[in-house]
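What follows is a set of notes on a single structure, which appears directly below.
Note on naming: letters A, B, ... go to the chains in the order of the sequence lines (proteins, then strands), and numbering restarts at 1 for each one.
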Number of protein chains: 2
Amino acid sequence: MEQRPILMIIGDGMGDRPVPELDGRTPLAAARTPVLDELASGGACGLLDPIGPGVCAGSDTAHLALLGYDPYRYYTGRGPLEAAGVGLEPREGDVAFRCNFSTVEERDGELIVVDRRAGRIEEGTEELAAALDGLELLDGEVTAHFRESVAHRAALVLRGGKLGGEVADVDPHHEGVTVEPCRVLLPEGDPGYVPARRTAAALDEFIRRSFEIMGGLEVNRRRREAGRLPANIILPRGGGLVPHIPTFERRYGLRAGAVVEVGLLQGLLGSYLGLELIDCPEATGGMDTDVAAMAAALTRAVEDYEFIFLNLKAPDLAGHDDLPREKIRACELLDELLGRLRPVWEGRVVMAVSADHSTPCECGDHAGDPVPLLVHGPGVRPDTVKTYDEFACAAGALGHPLGRDLLPLLLTYANRYTKFGA
Amino acid sequence: MEQRPILMIIGDGMGDRPVPELDGRTPLAAARTPVLDELASGGACGLLDPIGPGVCAGSDTAHLALLGYDPYRYYTGRGPLEAAGVGLEPREGDVAFRCNFSTVEERDGELIVVDRRAGRIEEGTEELAAALDGLELLDGEVTAHFRESVAHRAALVLRGGKLGGEVADVDPHHEGVTVEPCRVLLPEGDPGYVPARRTAAALDEFIRRSFEIMGGLEVNRRRREAGRLPANIILPRGGGLVPHIPTFERRYGLRAGAVVEVGLLQGLLGSYLGLELIDCPEATGGMDTDVAAMAAALTRAVEDYEFIFLNLKAPDLAGHDDLPREKIRACELLDELLGRLRPVWEGRVVMAVSADHSTPCECGDHAGDPVPLLVHGPGVRPDTVKTYDEFACAAGALGHPLGRDLLPLLLTYANRYTKFGA
């Protein structure tokens with residue numbers, strides 16, 4: 001059997017709902033997409049539920065599913081993803097958090113949040129993080145691994161002994177309120193209570209010591225002199241126990257590369273799942289992204305990788321901004337990208353084109369509506385669908401698969417499957 | 001995002017199979033239903049499996065699923081539902097039973113069932129129940145809560161310590177046979193055996209004492225004088241451990257009301273799931289029900305509730321009675337109801353029309369055939385289906401969702417969803 005390369009092309013947030021100003025069409029249906037329609041005619045289509053029918057997916061949970069990882073098993077909150085994204089290499093059993101560098105004021109023995117983003121601090125966070133990284137907590141039983149991310153953002157990993165992830169955010173998400181101790185989200189009798197209590201104790205100690213240490217650092221002395229708010233505490237949120245998560249290559253035996261435009265996906269696919277991030281500096285993540293450069297990067301990648309992933313961010317942005325005509329242009333960008341990839345998909349590649357979720361213009365946010373799916377390549381049974389949009393794909397031969405079904409389908413068409421049974 | 005009200009309209013048992021005397025059409029396909037067809041044309045359709053493909057649903061399990069509660073988790077037998085229905089307010093950890101007031105005769109130290117329904121007793125059951133309610137069992141470790149229902153029916157709740165639900169019916173379901181001690185349905189080594197054994201012991205004590213107490217009560221003295229069978233024992237069946245079940249409002253954050261015609265659904269939706277029962281005395285549960293009054297009640301309800309549920313019982317009755325032409329009339333009643341609701345569904349409401357199960361005339365009972373589904377409202381992508389019946393809906397864009405998928409779908413279209421992930 002010929003083993004074929006697999007290409008998964010995701011138009012971020014591309015699904016939509018009928019838009020009145022487009023005469024009830026969706027942006028994708030209203031867009032001029034001759035290449036997508038040609039691919040639909042030559043391939044098989046369907047409507048895909050990224051997580052489940054009616055479930056509104058985040059970018060993170062949806063991409064886990066599209067890459068074959070059950071999000072209900074592998075998604076334990078944003079903390080582990082952020083920690084991987086900044087290079088902290090979280091391990092199974094750690095508990096990881098997203099954090100902000102924040103500003104608090106001490107009043108009557110309480111810490112009051114003045115600014116959750118420490119005056120939108122941009123510089124010096126590396127020095128602040130270095131002073132916190134490696135702190136020993138709970139008499140040395142737990143170590144804190146801490147690293148800065150972009151601007152006021154950072155990530156924290158707690159490591160050591162049995163820790164639990166069921167703890168509430170310490171970041172109160174509002175200003176002018178007191179920083180309270182970390183709450184455990186389980187009742188006392190629950191088997192998970194004791195490890196989660198231990199996480200809460202380590203976290204409270206880390207936060208207290210961050211406040212003791214950070215105020216006196218040189219960065220904050222300079223900030224005060226310049227009339228800026230000091231970054232004098234760390235406020236964690238999005239805590240989650242790090243699961244055992246095999247890399248994509250280990251799980252599927254495929255050398256895998258990805259062209260992605262945004263940090264969250266770089267962290268998720270690159271650091272967390274171990275796909276190689278393919279360099280494409282012309283991919284900006286905006287409407288000005290260079291699809292010719294992206295197509296060129298993918299064309300080269302087909303020589304080097306067995307699985308290649310691409311996410312085009314533009315449709316999602318237009319959906320979030322409720323700009324249907326901009327979203328039409330974003331869909332047409334995807335069509336242009338696919339036109340430039342013609343030599344690739346006219347060959348022996350198995351290719352899927354879909355979306356990670358709907359971002360309907362009327363919502364200005366993600367929603368649970370299914371997304372169009374097409375699969376094209378040798379071995380795929382063509383169906384009757386001739387156009388690629390949310391309406392036409394409903395009649396496709398692929399029916400209504402879940403996001404986590406897509407990778408097994410592609411492995412089948414690529415002749416890269418393994419048999420279950422004899 | 002505009003948050004829309006949700007309306008779920010269920011034609012009870014409306015699904016059917018080809019009927020020879022209707023030239024192979026189903027009653028729904030043969031019925032004149034211009035409003036349903038208009039709604040199908042403007043909305044999206046599918047075929048819904050209430051529980052799973054080929055699984056024959058009860059009214060109780062189907063309605064749990066349609067309201068988003070996995071019946072495999074939340075349905076533990078009829079006992080808990082009946083207990084809720086008569087107002088016993090069963091709590092998590094209780095074991096609850098349906099019961100009959102029955103007549104037994106003592107022969108050679110054994111109790112032989114003479115009449116499972118105590119001569120179809122109609123009166124005096126309140127007095128009988130009062131004599132049993134509050135009995136202390138197992139040396140006071142377990143309390144029996146007991147209340148009469150309609151005619152010969154009643155419900156029993158056992159409360160106290162760790163009880164198990166895996167016990168067989170004591171009601172032998174036949175007359176002329178001996179009342180045997182309660183059997184545990186688990187093997188002795190099973191972790192659930194000891195609590196179930198405890199339930200069986202408490203139940204046996206309750207039954208023995210019901211026989212000791214009831215024979216001498218004034219109600220039975222009068223019955224004997226009138227030549228009637230005494231209600232001199234309680235025979236329980238349908239035992240189940242009461243699960244933790246969050247109310248609908250707590251689970252979905254929606255103020256919810258329901259127009260339902262039959263007692264089982266009043267108990268399930270009202271007492272068990274906490275939906276408010278909307279008064280509509282003209283809703284009789286029969287072919288003579290007043291759909292104009294029901295439509296008026298729903299129209300008012302849209303102002304007061306965020307989720308409104310309606311069950312029209314008539315189609316199920318006709319299916320049970322194998323009366324296809326009567327079932328046609330019942331489907332037309334639903335169409336009339338929807339016609340009267342036009343001002344509601346032409347507005348901003350998200351509405352689903354479906355059935356809780358098929359009750360094919362040829363079966364005279366529920367069956368596992370899927371049921372037609374339509375979803376209509378702003379945001380719904382219209383599909384190619386133009387008529388609402390079991391045949392046409394098969395081509396709909398909603399595909400083949402499960403019953404438990406329906407509520408998440410409606411929450412999506414109503415913009416009342418939460419995101420999984422970020």
Do His400(B) and His400(A) make a side-chain contact, defined as non-hydrogen atoms from C-beta onward lying under 4.5 Å apart? no
Side-chain touch Pro372(B)/Asp389(B), heavy atoms, less than 4.5 angstrom: no
Does the ring centre of Tyr69(B) sit less than 6.0 Å away from the ring centre of His63(B)? no
Which region of Ala395(B), side chain (C-beta onward) or backbone (N, CA, C, O), has a non-hydrogen atom less than 4.5 Å from a non-hydrogen atom of chain A, or is it both or neither? neither
Could you tell me if Asp37(B) and Thr387(B) have a donor-acceptor pair between their side chains, going purely by distance under 3.5 Å? no
Which region of Thr384(B), side chain (C-beta onward) or backbone (N, CA, C, O), has a non-hydrogen atom less than 4.5 Å from a non-hydrogen atom of chain A, or is it both or neither? neither
Highest number of heavy-atom pairs under 4.5 Å with chain B among Gly399(A), Pro370(A), Ala394(A) belongs to Pro370(A)
Which portion of Leu398(B) sits near chain A, non-hydrogen atoms under 4.5 angstrom: backbone
Report yes if some heavy atom in the side chain of Leu374(B) is under 4.5 Å from a heavy atom in the side chain of His376(B); otherwise report no. yes
Pick from Cys56(A), Pro18(A), Ser59(A) with the largest number of heavy-atom pairs that fall under 4.5 Å of chain B: Cys56(A)
Which atoms of Asp365(A) are under 4.5 Å from chain B, going by heavy atoms: the side chain, the backbone, both sets, or neither? both
Which bit of Phe420(B) comes within less than 4.5 Å of chain A, counting heavy atoms only: side chain, backbone, both or neither? both
When heavy-atom pairs shorter than 4.5 Å are enumerated against chain B, which of Leu47(A), Ile51(A), Val55(A), Asp369(A) gives the highest number? Asp369(A)
